[in-house]
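Note sheet for the following structure.
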Number of protein chains: 2
Amino acid sequence: MRLFAERGFDTTTVADVAAAAEVSSMTVFRYFPTKEDLVLADDHDPIIVDHIRAQPTDQPMIQRIGTALLESTSAQSPDERAMLLARLRIGLSVPALRSRMWDGQYQTQRYIAEALADEGIDEFELWVAAGACISAATAAIVRWAERGGTEDLAELMAVALRIVIHSSDRSPS
Amino acid sequence: MRLFAERGFDTTTVADVAAAAEVSSMTVFRYFPTKEDLVLADDHDPIIVDHIRAQPTDQPMIQRIGTALLESTSAQSPDERAMLLARLRIGLSVPALRSRMWDGQYQTQRYIAEALADEGIDEFELWVAAGACISAATAAIVRWAERGGTEDLAELMAVALRIVIHSSDRSPS
DNA sequence: TCACATCTGTTAGTGTCTAACACATGGGGC
DNA sequence: GCCCCATGTGTTAGACACTAACAGATGTGA
């Protein structure tokens with residue numbers, strides 16, 4: 001991350017990273033399947049799923065997902081926030097990384113839909129609701145990163161989720 | 001597209017495509033910046049923007065975007081549908097292409113937000129609304145492709161958009 | 001101390017993509 | 001008809017990401 005931030009992602013080779021880590025290039029590829037994974041490796045999905053499962057089941061589906069996303073973001077430590085910002089700073093400016101980030105959110109969407117399956121909700125409706133919430137959360141995160149992390153991420157995300165969810169008065173299940 | 005469908009994307013080299021087109025590899029890269037662009041090249045964004053601009057301005061923003069997406073999909077010819085399905089068939093199964101597809105939607109989101117700027121709406125709210133609609137449209141398109149294109153895409157998209165928009169009673173601007 | 005699994009390095013190779021230069025083709029002005 | 005020039009294309013050389021197969025090192029348990 002230090003090398004990428006200093007010299008740029010595209011202009012830093014895997015060999016450079018390997019040398020800085022005092023290992024061979026092969027060793028890097030053994031732990032990170034691609035160069036992109038050096039930046040994108042994170043384990044936030046299980047945390048989100050935990051928060052999803054902890055939501056009261058008497059709420060509308062879209063509300064449960066949105067609240068879970070908001071909670072799992074609010075629970076981040078300052079260190080995690082700093083790491084997230086560093087990742088986004090590099091990731092949003094490099095096309096290859098940006099694409100991979102969106103795909104990471106697609107994976108998150110799949111995890112969420114999987115965690116909430118078997119509740120009798122229509123599969124497609126669940127998928128759409130998860131997509132809408134993730135889209136809103138992403139909008140907040142991107143905006144936050146573009147402003148250099150100076151704004152309140154949790155508040156931004158709450159605003160974004162409110163736009164998508166607004167006064168949903170539909171019943172659960 | 002034929003080669004990729006027959007022999008797989010990863011197992012078909014650019015040299016193979018170039019040979020089939022009876023040109024050199026260099027010529028391929030001159031017209032398509034990357035191998036992925038051989039599959040992903042499309043020009044749907046301007047059409048969406050046209051439909052966006054054609055919406056009555058007395059509707060809520062999210063409604064205008066959603067309707068425009070639905071219209072520009074409904075207006076597709078059978079040939080365009082077939083091409084879309086072929087692209088999705090290959091694209092969804094190849095990680096590198098899937099990632100790039102998501103990034104294409106990010107670009108679409110930017111076009112939409114740009115087309116609707118200067119209307120006095122809060123920039124962030126506009127961005128979130130566009131993201132939610134695109135997310136819904138994408139859910140419909142992916143579902144449609146996963147079912148082999150047998151379902152009614154316009155109807156799927158209408159259902160998805162209704163979930164995101166539902167009975168929004170907020171005023172425009 | 002030995003057998004074994006795990007980790008790491010080396011080598012050789014494939015494939016994407018770039019840069020620089022040379023060649024061919026075809027149309028417009030003299 | 002001939003040259004000039006723009007455009008399109010091919011060739012070559014090369015950087016870099018990534019893979020596969022093999023060999024050496026290291027540490028752990030019996």
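To find a chain, count down the sequence lines: A is the first, B the second, and so on, and within it residues start at 1. Quick caveat: nothing in here was measured; it's all calculated off a predicted structure.
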Each nucleotide of nucleotides 17-27 of chain D classed B (base within 4.0 Å of a protein heavy atom), S (only sugar-phosphate) or -, in 5' to 3' order, makes SBBB-------

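Atom OG in B:S74 sits 11.0 Å away from atom CD in B:E155 (nearest 0.5 Å).
Within the cation-pi definition used here (under 6.0 Å to the ring centroid, within 45° of the axis), A:K35 does not qualify as a partner of A:F29.
Nucleic acid contact for A:Y31: sugar-phosphate only, since backbone atoms but no base atoms lie under 4.0 Å from a heavy atom of the residue.
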Sequence neighbours left out, cut at 3.5 Å: what donor-acceptor pairs do the side chains of residues 107-115 of chain B make with other protein atoms?
unit_1, atom_1, unit_2, atom_2, d
B:T108, OG1, B:D45, OD1, 2.7
B:T108, OG1, B:G104, O, 3.0
B:Q109, NE2, B:W127, O, 3.1

Show me the side-chain donor-acceptor pairs of residues 47-55 of chain A shorter than 3.5 Å, one per line, residues at least two apart or across chains.
unit_1, atom_1, unit_2, atom_2, d
A:H51, ND1, A:E71, OE1, 3.1
A:Q55, NE2, A:H51, O, 3.3
A:Q55, NE2, A:E71, OE1, 3.1
A:Q55, NE2, A:E71, OE2, 3.4

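Of the residues B:R98, B:R87, B:R100, the one that meets the salt bridge (Lys or Arg N to Asp or Glu O under 4.0 Å) test with B:E36 is B:R100.
Atom P of nucleotide C:dT14 and atom CG of B:D16 are separated by 14 Å, given to the nearest angstrom.
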